Q: 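First, the structure itself, so that you have it in front of you.
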2 protein chains.
Amino acid sequence: MVGNMSKAQEKPSSAKRDHLVDTALELFTEGGYHAVGIDAVLARAGVAKMTLYNHFPSKEDLIVAALARKAEQSAQGLEKALAAAGAEPRAKLLAIFDWLEVWFRSKEFRGCIYIKAASEYPRKKDKPHQAALAFKETRLELLRGLCRQAGVKDAETLAWQLSLLAEGAIVVAFMHARPEAARDAKAAAATLLAKAKN
Amino acid sequence: MVGNMSKAQEKPSSAKRDHLVDTALELFTEGGYHAVGIDAVLARAGVAKMTLYNHFPSKEDLIVAALARKAEQSAQGLEKALAAAGAEPRAKLLAIFDWLEVWFRSKEFRGCIYIKAASEYPRKKDKPHQAALAFKETRLELLRGLCRQAGVKDAETLAWQLSLLAEGAIVVAFMHARPEAARDAKAAAATLLAKAKN
DNA sequence: CAATAAATAGACAGGTCTGTATATTTCTTG
DNA sequence: CAAGAAATATACAGACCTGTCTATTTATTG
């Protein structure tokens, strides 16, 4: 085997690895990161402990892999929803909140795993914290792009404001068990969009 | 001693108890609930373990007490800020976001301990979860009251929308280390308020 | 002062956690 | 089939966790 053999590297994808990451994502989503031990993940996945540690140097790396998996899934779903919304940037921006509502109404909805990751790993140097922040920045960049395309006066501010509405909707939908938060957010977004015109 | 002696009751306030709750609030705020053990709280507080368990039946009850303490402090500060904003309900509503910004810029700002409590204790039956939800509902009720006083068309919807902005601002300020989120939220709130007029 | 209450130190039980070591078995693939 | 790679079961180290028990000391207060 040629290449970097330093140590404790992550190995390339495999069926076992994928299954492990999927299971980890499920369990961490349901129970949190500290509250769920790797033994629980291994038990549900039906995988031996050494297999985990052959693929990941530590639990935190498994968490990062789970966050990355969710990011792929989420990006894919959002992309589809945006494409279905047509070509208008404004329609795309509003479609985001419809997409959120579908998520809120799904029975697997447990709030945002990135907010939770940043909360449970509050130090900036923690890998899950960094992964969570990176995700949120990617999302913000998407909003920025759409706001610029929409040709509003202050795209930067509007992007942050729409981000506030989205994050707030997630938190409210989670804590109050209130999927309607997405509609409230969409209406507010429409108002801000109208005001920000040209 | 007359009265209920069933067992494992919380005892009335005392200097030790107060100090314990203050220390717990500090540490849980900094490190999270599962990640911070009671030994760390006891060490920083300089209090014996049995003293803790004489005042609280369990760690979760200590967490609830810490959440309650923060709720008092927060309500007190907000009340002051609202009073200083004058008599106009609209001015009071906007003043909330100025008050948030002061918080965001304080060096102790670590995000919202109630969101984190609900995240780390995701089951509705968990005491910290219930305490967190109760706090958020109280805050929402305050928003409702001000929106009604402001005499807008749909006070209920506006209250939820302002809640979205506030929660979103907290999350964004925390994750992106961006206290300016409060200004963005305030501007958005002003727009929604103007649109909701009469 | 004397009696009662509160807080203390320290050990400990019983459980959980992450991560490692070892030896064996299964799978893959030339 | 045979050799190498991957996954397995099992045990274990070492640390940490919550909560309890006991015996002693310190405060409080009638």
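Just so it is clear, the model here is predicted, and its values are computed rather than measured. Here is how names work: the chains are called A, B, and so on, in the same order as the sequence lines, proteins then strands, and each is numbered from 1.
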Q: Using heavy atoms to find the nearest nucleotide of DNA chain C for B:Ala15 and A:Lys59 separately, return the residue whose nucleotide is more 5′.
A: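 Nearer the 5' end of the strand: B:Ala15.
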Q: Indicate yes or no: does B:Glu180 engage B:Arg183 in a salt bridge with an N to O separation below 4.0 Å.
A: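 No, this pair does not count.
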Q: Which of the following nucleotides, D:dT18, D:dA9, C:dC17, is nearest to the side chain of A:Ala48?
A: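 The nucleotide sitting nearest to the side chain is D:dA9.
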Q: What is the separation between atom CG on A:Asp18 and atom C1' on D:dA7, rounded to the nearest whole Å?
A: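 It works out to 16 Å between those atoms.
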Q: Measure from CG on A:Leu42 to P on C:dG19 and round the result to the nearest Å.
A: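 It works out to 12 Å between those atoms.
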Q: Mind calculating the distance between OH (A:Tyr121) and C1' (C:dT18) to the nearest angstrom?
A: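 Taking atom C1' of C:dT18 as the reference, OH of A:Tyr121 is at 11 Å.
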Q: Could you check B:Ser14 against A:Val36 and say which one's nearest nucleotide on DNA chain C is further toward the 5' end?
A: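 Looking at the nearest nucleotide for each, B:Ser14 comes out on the 5' side.
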Q: Give one of base, sugar-phosphate or nothing for B:Lys16, where a contact means two heavy atoms less than 4.0 Å apart.
A: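 B:Lys16: backbone/sugar contact only, no base atoms under 4.0 Å.
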Q: To the nearest Å, give me how far apart CE (B:Met50) and P (D:dT24) are.
A: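 After rounding, the gap between these two atoms is 16 Å.
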Q: Would you call B:Glu30 and B:Arg44 a salt bridge, using N to O less than 4.0 angstrom?
A: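 Yes, this pair counts.
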Q: Is there a continuous path of hydrophobic side-chain contacts, each under 4.5 Å between heavy atoms, that joins B:Ile115 to A:Phe135?
A: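 The answer is no; the residues belong to distinct hydrophobic clusters.
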Q: Rounded to whole Å, please give me the gap between CG in A:Leu52 and P in D:dA7.
A: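 Atom CG in A:Leu52 sits about 11 Å away from atom P in D:dA7.
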Q: I'd like to know whether A:His129 forms a ring pair (Phe, Tyr, Trp, His ring centres under 6.0 Å) with A:Tyr114, so could you lay out the CA-CA distance, the side-chain angles of the two residues, the decisive distance to 0.1 Å, and finally the verdict.
A: CA-CA 8 Å; A:His129 189 102; A:Tyr114 304 99; over 10 Å; no
Q: Whole Å only: how far is the CD atom of B:Glu120 from the P atom of D:dC17?
A: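 For the pair B:Glu120 CD and D:dC17 P, the rounded distance is 14 Å.
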Q: Checking contacts here: which listed nucleotide (D:dT8, D:dG19, C:dG19) is nearest the side-chain heavy atoms of B:Tyr53?
A: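 Selected nucleotide (nearest to the side chain): D:dG19.
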Q: If the cut-off is 4.0 Å, is B:His55 near the phosphate of C:dA6, judged by side-chain N/O to OP1 or OP2?
A: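 No, no such contact exists.
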Q: Return the nearest nucleotide to the side chain of A:Thr51; candidates are D:dC21, D:dG19, D:dT8.
A: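 For the A:Thr51 side chain, the nearest candidate turns out to be D:dT8.
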Q: Which nucleotide wins on minimum distance to the side chain of A:Ser58, given the candidates D:dC21, C:dG19, D:dG19?
A: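 The closest nucleotide is C:dG19.
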Q: Can you check the B:His19 NE2 to C:dA7 P distance for me, whole Å?
A: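 Whole-Å distance recorded here is 13 Å.
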Q: Nearest whole angstrom, please: distance from the C1' of D:dG19 to the CG of B:Asn54.
A: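 So the CG-C1' distance, B:Asn54 to D:dG19, works out to 12 Å.
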Q: When only distance counts, do a donor and an acceptor, one from the side chain of B:Lys49 and one from the base of C:dG10, lie under 3.5 Å apart?
A: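 No, no donor-acceptor pair under 3.5 Å.
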Q: Taking A:Lys136 first and then A:Glu167, would you say they form a salt bridge - that is, a charged N and a carboxylate O separated by under 4.0 Å?
A: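 Answer for the salt bridge query: yes.
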